There are 2 protein chains.
Amino acid sequence: MSAQARNVDAHTRALVEPSTAVILASTSDPREDLARERSKASFDARELENLLAGGPKSASLRRRIVDAMTSNEVFSKRGKYFDERDELYVRTLKMYLALPSAVAAMNEKEPIAVARIMRELIDEPGGLDLHLGMFIPTIQGQGDEEQRKYWIPKCVKLECIGTYAQTELGHGTYLRGLETTATYDESKEEFVIHSPTLTSTKWWPGGLGKTSTHAVVMARLFTKGVDHGVHPFVVQIRNNQNHEPLPGCTIGDIGNKMGYNAVDNGFLRFDHVRVPRRAMLMGHSRVETDGTYVPPPVAKVSYGTMVFIRSDIVMNAALFMKKAVTIAIRYNLVRRQSNADKATGMERQVIDYQHSQRTLFPILAMAFAFHCTSDYMRRMYFEFQKVSREKQDFSALPELHATSSGLKAYCSWMTKDAIEACRLTCGGHGYMNLAGFGTTLASYAPNVTYEGDNNVLCLQTARYLLKMYRNTIKGETPPDVIGYLKGTSSRSSLALGSTMRDENAILDAYAHRAWRMVTEASKVTGDMSPDDAMRVHMVQWIRAAKAHCAFVVMYNFVIAYEETRPRVSATTLLVLHRLVCLHGLCGMDDTMGDFLEDGYIDGDQATEIRAEIFRLLAEIRPDAAALVDSFGLSDYFLNSALGAKDGDVYRRLYEQVQDAPFNKRHTPPGYELLQPKLRRGTFGVSRL
Amino acid sequence: MSAQARNVDAHTRALVEPSTAVILASTSDPREDLARERSKASFDARELENLLAGGPKSASLRRRIVDAMTSNEVFSKRGKYFDERDELYVRTLKMYLALPSAVAAMNEKEPIAVARIMRELIDEPGGLDLHLGMFIPTIQGQGDEEQRKYWIPKCVKLECIGTYAQTELGHGTYLRGLETTATYDESKEEFVIHSPTLTSTKWWPGGLGKTSTHAVVMARLFTKGVDHGVHPFVVQIRNNQNHEPLPGCTIGDIGNKMGYNAVDNGFLRFDHVRVPRRAMLMGHSRVETDGTYVPPPVAKVSYGTMVFIRSDIVMNAALFMKKAVTIAIRYNLVRRQSNADKATGMERQVIDYQHSQRTLFPILAMAFAFHCTSDYMRRMYFEFQKVSREKQDFSALPELHATSSGLKAYCSWMTKDAIEACRLTCGGHGYMNLAGFGTTLASYAPNVTYEGDNNVLCLQTARYLLKMYRNTIKGETPPDVIGYLKGTSSRSSLALGSTMRDENAILDAYAHRAWRMVTEASKVTGDMSPDDAMRVHMVQWIRAAKAHCAFVVMYNFVIAYEETRPRVSATTLLVLHRLVCLHGLCGMDDTMGDFLEDGYIDGDQATEIRAEIFRLLAEIRPDAAALVDSFGLSDYFLNSALGAKDGDVYRRLYEQVQDAPFNKRHTPPGYELLQPKLRRGTFGVSRL
C-alpha cells in the first residue's frame with residue numbers, strides 16, 4: 001500500500017474525490033470560484049496570450065512542449081518539493097540528460113528554441129547548467145577555431161563536463177583582485193596553475209563540486225615575469241575513468257545554499273598543476289611557445305556576452321514575476337476569509353481586500369512592463385550584434401552596457417521583492433513548499449548578486465549618466481532614451497480627473513525625476529573623477545541610476561502599448577491601458593517623496609494619484625483571472641498547489657502532502673528517544 | 001580518515017592552520033582587521049553590553065550558559081546547515097530532551113530563565129516546541145484546577161506530547177470560520193469531534209505531524225443543537241504504546257516548508273471521534289453532564305496571553321535584527337573588494353562603501369530601538385497583569401491590545417526585511433547556509449503571518465486609533481502615547497545645522513505624520529462603522545497604523561535614551577545619541593514623501609536630513625565593530641562562518657564545507673548516469 005493510501009481513510013477519500021466532495025452550504029467550491037472569475041473578464045485572454053507569446057504559433061508550440069513533457073515520466077515534478085538534496089540533484093540531472101531525445105522527438109524546425117523552452121519549464125538549474133550555459137559558450141567565444149573544433153564535440157557528447165571557475169573565496173565582484181596564477185614555463189611549454197593563498201581558492205562555480213571533469217579557470221597570466229591580467233585556461237580536474245580529482249587538484253562541494261541545491265557549487269584549489277600551452281583559450285590573446293604574449297586586437301570584446309546574459313536576466317525577471325503573481329492571484333481569488341457576506345452567506349474572497357489588490361495588481365502590471373522591457377533589450381542587443389559584426393561598429397556599446405547593467409539590477413531587485421510580496425498575500429499556506437514561492441524565491445534570489453552585484457551595476461549606469469550629463473552640458477545631444485538630460489518641465493501636467501490616466505504625462509514624471517537626480521548628483525560631484533564620484537556620493541548615484549531605470553521601464557511599456565494599439569481589439573487595449581497607468585502611478589505612489597521634494601507635484605496631486613490608483617484597481621479586479629491566464633503559464637511550470645489553473649487548491653494540497661517523506665512511517669525519526677517516556681502514560685480523561 | 005581529512009591536501013592544510021597561514025603581502029588577515037576595528041572604538045563595548053543585558057550579572061549568566069552549552073556535545077551545531085530534514089529533526093529533538101538536565105547542571109536560582117536562554121541559543125524550533133509553548137500553557141490557562149492537576153505532571157514527564165490544533169486547511173486568520181465540530185451527546189456524556197469537510201482539516205500545528213500523542217483541538221461546540229462557538233478540547237490522537245493514530249484520526253506531516261523544518265507541522269482529520277465530557281477545557285466555560293452550556297464569566301479573558309506572545313515577537317524582532325546585523329557588519333569589516341588603496345596597497349573594506357553603511361547602520365540603530373520597544377511592551381504587559389489580577393482592572397486592555405498588535409506587525413516586517421538586507425550586503429557568500437542568513441530568514445519569516453497576519457493586526461491598531469480620534473474630537477483626553485491626536489505643529493522645527501540632531505524634534509515629525517494619517521483616514525471614513533472603514537479604506541488605515549507604530553518605536557527609543565542618561569558614561573551616551581538620531585532621520589528619509597506631502601518639511605530640509613545622515617554614518621563607522629560586540633551574541637548563537645567574533649571568515653568557510661554530505665564521495669549521486677559517456681573521453685590538449 002502506498003504511503004498515500006495508508007494515510008487517507010475512506011471518509012477522507014470521499015472528500016478529496018472531486019465527484020463526491022462533501023461541501024457545506026457555506027463553503028464555496030474553489031473551482032467554481034475560478035471558473036466564474038474567468039467568465040467575468042472584459043477581454044479575450046487568448047488574444048492577449050498570443051500577443052505576449054509573439055503570435056499564436058509560438059503559444060501553441062509552447063503548449064505542445066508542455067504536453068510532451070507532462071506525458072514523459074522523467075520530467076515529472078511529483079514529490080519534488082520534498083526531495084532531499086541528492087534526490088533533487090539526480091532528478092534534475094535525469095531531466096537534463098533526457099533533453100536531447102525529448103527535443104528530437106518534438107521534431108520542430110528550431111530545436112534550440114525548443115530546448116530553451118524545455119529548460120525554462122524544468123525551472124531548476126542542475127549540475128550540467130554551467131556546462132551548457134558557460135563552459136561551452138566560453139570555449140565558443142574565447143577559444144580559437146582549432147580549440148573549438150577540439151572541445152565542442154566532446155562537450156556535446158558529454159565526454160567531458162565543464163564549469164566556469166572565476167570567483168574565488170576572497171574575490172568576487174572585483175575581477176582584478178583574482179589571485180590564481182597561470183605561470184608560463186617555456187622550458188616545458190606548459191602553464192603552472194596555482195592557488196597561492198587560501199583566499200585564491202576557486203569558490204562557487206556550479207557543477208564544480210561533484211559533476212565536472214573540466215573547468216575554464218580564470219587565472220592571472222604570467223609570462224617572463226610579467227603579469228598580463230586574468231585569462232581563461234581549460235583545465236582537466238577529474239579523472240575521466242573514475243572521477244577522482246587529478247593530482248594537485250583539491251575539489252569539493254560548498255554545501256547547501258538557500259536555494260539552487262540541485263547545483264553542486266564547488267571549490268577548487270591548484271597545487272602547481274601543469275597544463276599544456278594550448279590549454280589557454282587563444283581566440284583573443286595568445287602566448288607563443290617562447291612565452292611571447294600577444295594581446296587581443298580589441299579590448300573588452302567580450303562585453304557583448306555580458307549584455308546578452310543580462311538581457312536574459314531581465315527576461316527571466318518578467319517570467320518569475322508572472323509566475324509568482326499567477327499563483328498569488330489565483331489563490332487570492334479562491335481563498336475566502338472574513339465574516340460571512342450577507343448576500344451570499346459566504347466568506348469574502350481575499351482578493352476583495354483592498355490591500356491584496358494594492359499589492360498584487362501593481363505586480364501584475366509590472367510583469368507586463370518587464371515583458372516589454374526585455375523585448376526592447378533583446379532588440380537592442382541583436383541590433384548591436386548586427387552592426388558590430390557587419391560594420392565593426394561598437395559605438396552603441398556604452399549605452400547598451402549602461403542600460404543592460406541598470407536594468408538587470410532594477411528588474412532583479414523588483415522581482416525578488418515581488419515574489420516575496422506575492423507569497424505574503426497567501427497567508428500561512430504561502431510558506432509551504434507546495435505553494436511554490438519558497439523555491440522560486442530561493443532560486444531567484446542570486447540574480448541580484450551574480451553577473452554583477454546590483455549596486456555595482458547601478459554605478460556602471462550612473463557613470464554613463466554622469467558622462468552623458470557632462471556631454472549634454474557641453475552642448476552634445478544625448479541619445480534618445482536619455483533625451484531628458486536636456487531638461488524637463490518643472491511641474492507635472494497630471495491633474496485632477498481623467499487626465500491622471502495620461503501615460504505620457506506619467507512618463508514625463510519619471511523623466512523629470514531621473515533628470516533631477518542625475519542633475520543633483522552631478523552638481524555635488526562637481527569635477528570629481530567618475531571613480532571618486534561613485535565612491536564619495538555612492539548612495540546618491542545609485543538612487544539616480546534606479547530613477548533612470550524606472551524611467552526606461554515605463555518608457556518601454558508606453559512604447560509597447562503604442563505599438564500594440566493597431567494589433568489588438570479595443571477591449572484588450574483598454575485593459576492594457578489600465579495596466580500602463582497603474583504601473584506608472586503606483587511607482588510614483590511608492591516613492592512619492594521623489595516627486596514632491598522639488599514641487600514637481602503637490603499634495604493635492606499626490607492625493608489624486610492615490611485615488612486614481614484605487615479606481616484602477618477596481619476596474620482591473622474583474623479581469624484578474626483572465627490577465628494571469630494570458631501569461632500562458634502551465635501548471636507544469638508553476639508547480640504550485642495554490643496556483644493551478646483549475647483552482648482546486650485544498651484537494652491538491654491534501655493529496656500532495658501525503659507524499660511527504662515523514663509520512664512513510666507513523667513514528668517520527670528518533671522515536672526511540674521518546675517511546676520509553678510516552679509508554680508510561682495512562683489516560684482516562686473520563687474519570688476527571 | 002574523515003571526509004574532511006580526505007579533502008584537504010597538505011598544501012591546503014598549511015594554509016588553513018592559522019599559525020602557518022601563507023598570506024600574500026597584498027592580502028589582509030581578517031582577524032587583524034577585526035582586532036584593529038575593535039581598538040578604534042570611542043566607547044566601552046562591555047559597558048553597553050551590560051546595559052543591554054540588564055546588568056553585568058545577566059550578561060555574565062548568559063556567557064556561562066553559552067560555555068556550558070558549547071562544552072556539551074548534544075548541543076553542537078556542527079554540520080547543522082547540511083542536515084537533511086530527519087537529521088535536523090532528531091538533532092533538535094535531542095537538544096530539547098537534554099534541556100532539563102542541562103538546566104539543572106547550571107544550578108542557578110532561576111531555572112526557568114536559564115531554560116528560556118538555552119532555547120534562545122538553540123535557535124531552532126523543534127517537534128516539542130508547541131508542547132512547551134502552547135499545549136502546556138493552554139491547559140494551564142484554560143483548564144480548571146482538576147484538569148491542570150491531571151495533565152501538567154504528565155506533560156512534564158513527557159508521558160504525553162501535545163500540540164495546539166486551531167488553524168484549518170481553509171481557515172486561518174478568521175477564527176470564527178473554523179469548521180471542526182464538537183457535538184455533545186448527553187446520552188453517553190461524550191463529545192463527538194468531527195471534520196465535516198476537506199477544508200475543516202486541521203493544518204499547520206507544529207509537532208502534530210509525527211511527534212504528538214495529544215492535541216488541544218479548537219472546535220465549534222454544539223450542545224442541544226446550539227452552536228456556542230469555538231472551544232478547546234484535549235484529544236488523544238495517537239496510541240501511547242506504538243504511536244499509531246487512534247481510530248477515526250487521520251494524521252500526517254505537511255512536508256517541507258521554506259524553513260522551520262525541524263518542526264513536523266501536521267494535518268489532522270476526525271471521523272466522529274468520541275471523547276469524554278471532561279476533555280473540554282473548563283477553566284472558563286463549561287458543559288454540564290446534561291448538556292447545559294455555562295459561558296465564561298468575562299469574555300475575551302484570554303487576550304492577555306496574546307498580548308504576551310506578541311510582546312515576545314517584538315523582543316525576538318530585536319534579537320534577530322541584532323543577529324543579522326552582527327554577522328553582516330563583521331563580514332563587511334573584513335571583506336575587501338576594490339582597486340588597491342594607494343596608501344595601504346590593499347583592497348578597500350566593504351564597510352567603507354557608503355551603500356554598506358547606509359544599509360547596515362540604520363539596521364544597527366533599529367535593533368537598539370526595538371530592544372527599547374520590547375522592554376516597554378513587557379513593562380506594559382506586567383503592569384496590566386498586576387492591576388487586572390489584583391484589582392480586576394481591565395481598562396488598559398484596549399491600548400495594550402492595539403499597541404501590541406501594531407508593534408508585532410511593524411517590528412516583524414522590519415526585521416524580516418532587515419535580515420534580507422543584511423544578507424545582500426554580504427555578496428555571494430551571504431547565500432551559503434554557512435553564512436547563517438538563509439535559515440535565519442526562513443525561520444523568522446512566519447512571524448509576519450502567525451499570531452495574527454500583520455495586515456489584519458494593523459487594522460486592529462487602526463480601529464483603536466479611529467475610536468480614540470473620534471473620542472478626542474468629542475473632547476476626551478487620549479492616553480499619553482497618542483497625545484498627538486490632539487494635534488501637532490504644522491511645520492517641523494528640524495533646521496539646517498546641528499539642530500538636525502534634536503531627537504525630540506525628530507519625534508515630533510513622527511507624531512505629526514501619525515496625526516496626519518489618522519486624521520485623513522478618519523475624514524474619508526466619515527461616520528462609517530469601524531468594520532466598513534477598515535474594508536473600504538483598508539490601505540489608508542494600514543498606512544496610518546504603521547505611521548503610529550513608527551512613532552511608538554521612536555518614542556520608546558527617545559525615552560530609553562533619556563532614562564539611560566544618568567547611568568552611562570558620556571562616551572557611550574554620545575554613541576547612543578547618534579543611534580537615536582540615525583534611526584529617526586533614516587526612517588524619515590525612507591518615507592520622505594510622508595513628511596513633504598503637507599509641507600511639514602520642505603525640500604531644503606529633506607536635503608539636509610540626508611546630509612546629516614551621511615555625517616552620522618561617518619561618525620558611527622569607527623564604532624561599528626564595538627557596537628555589534630555590545631549585543632553580546634555568542635558565536636554559538638550566531639552559527640555563522642561570516643559573523644564569528646574572531647573575523648576568521650575564510651578559514652572557517654573552507655573548513656566547514658568539508659563536512660558537506662556531497663563531499664563524502666568523489667562522485668556525484670547518480671554518477672552511473674554520467675560515467676559511460678565520460679569514460680569515452682580522451683584528452684590530449686598538448687597536441688592541439
Side-chain angles (χ1 to χ4, degrees), chain A residues 7 9 11 15 24 82 84 86 90 93 158-160 169 172-174 198 210-211 240 243-244 250 252-258 271 276 278-279 337 354-355 358 427-428 431 433 438 455 538-539 592-593 596-597 603 606 650 657 660 662-663 666-670 677-678 680-681 685-686 688, chain B residues 7 9 11 15 82 84 86 90 93 158-160 169 172-174 197-198 210-211 240 243-244 250 252-258 271 276 278-279 337 354-355 358 427 431 433 438 449 455 538-539 592-593 596-597 603 606 650 657 660 662-663 666-670 677-678 680-681 685-686 688:
Chain A
N7 277 287
D9 60 10
H11 168 68
L15 286 171
L24 281 190
F82 307 135
E84 298 294 9
D86 54 351
V90 173
L93 182 65
L158 285 187
E159 291 177 2
C160 63
L169 184 52
T173 304
Y174 179 61
L198 178 60
K210 292 289 132 181
T211 317
N240 256 71
H243 221 64
E244 279 189 13
T250 306
D253 181 80
I254 61 166
N256 292 37
K257 298 134 290 183
M258 291 170 67
D271 183 7
R278 293 286 285 154
Q337 201 93 153
Q354 200 183 45
H355 174 75
R358 181 61 182 80
Y431 188 67
N433 277 10
N455 287 301
M538 184 175 184
V539 168
M592 202 75 99
L596 288 162
E597 189 164 329
Y650 300 114
V657 297
F662 269 33
N663 289 332
H666 286 307
T667 53
K677 295 178 204 289
L678 290 172
R680 279 190 243 123
V685 187
S686 57
L688 263 182
Chain B
N7 277 286
D9 60 12
H11 168 68
L15 286 171
F82 307 135
E84 300 293 9
D86 53 352
V90 173
L93 183 64
L158 285 186
E159 291 177 3
C160 63
L169 184 52
T173 304
Y174 180 62
T197 60
L198 177 61
K210 292 290 132 180
T211 316
N240 256 71
H243 221 66
E244 278 188 13
T250 306
D253 182 81
I254 62 166
N256 291 38
K257 298 133 291 183
M258 290 171 66
D271 183 9
R278 292 286 287 154
Q337 202 93 154
Q354 198 182 45
H355 174 76
R358 182 61 182 80
Y431 188 67
N433 277 11
T449 309
N455 287 301
M538 182 175 186
V539 168
M592 202 76 97
L596 288 161
E597 189 164 330
Y650 300 113
V657 298
F662 269 33
N663 290 331
H666 286 308
T667 53
K677 295 178 204 288
L678 289 172
R680 278 189 243 123
V685 186
S686 56
L688 263 181

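Each chain gets a letter, A, B and so on, in the order its sequence line appears, and its residues count up from 1. The shown structure was predicted, so the numbers you read here are calculated from the model rather than taken from an experiment.
Contact of B:Leu169 with chain A is made through backbone and side chain together, with heavy-atom distances under 4.5 Å. With a 4.5 angstrom heavy-atom cutoff, A:Arg680 touches chain B via backbone and side-chain atoms both. The parts of B:Asn240 that come within reach of chain A are both its backbone and its side chain, each placing non-hydrogen atoms under 4.5 angstrom from that chain.
Each of B:Leu158, B:Val90, B:Thr667 has some count of heavy-atom pairs under 4.5 Å with chain A, and the biggest count is that of B:Leu158. Most heavy-atom pairs under 4.5 Å with chain A, from the set B:Gly670, B:Pro668, B:Gly255: that is B:Pro668. Heavy-atom pairs under 4.5 Å with chain A were tallied for B:Arg358, B:Met538, B:Glu244, B:Met592; the largest tally goes to B:Met538. Chosen from B:Asn256, B:Thr211, B:Asp86, B:Leu93, the residue pairing most often with chain A at heavy-atom distances under 4.5 Å is B:Asn256.
The ring-ring contact (aromatic ring centres under 6.0 Å, His included) check on B:His243 picks up A:Tyr671, with sequence neighbours excluded. Here B:Phe662 pairs with A:Tyr89 under the ring-ring contact (aromatic ring centres under 6.0 Å, His included) rule; sequence neighbours left out.
Here the side chains of B:Lys210 and A:Asn663 are in contact, with some heavy-atom distance below 4.5 Å.
What you find for A:Leu596 and B:Leu596 is that their closest heavy atoms are CB-CB, 4.0 Å.
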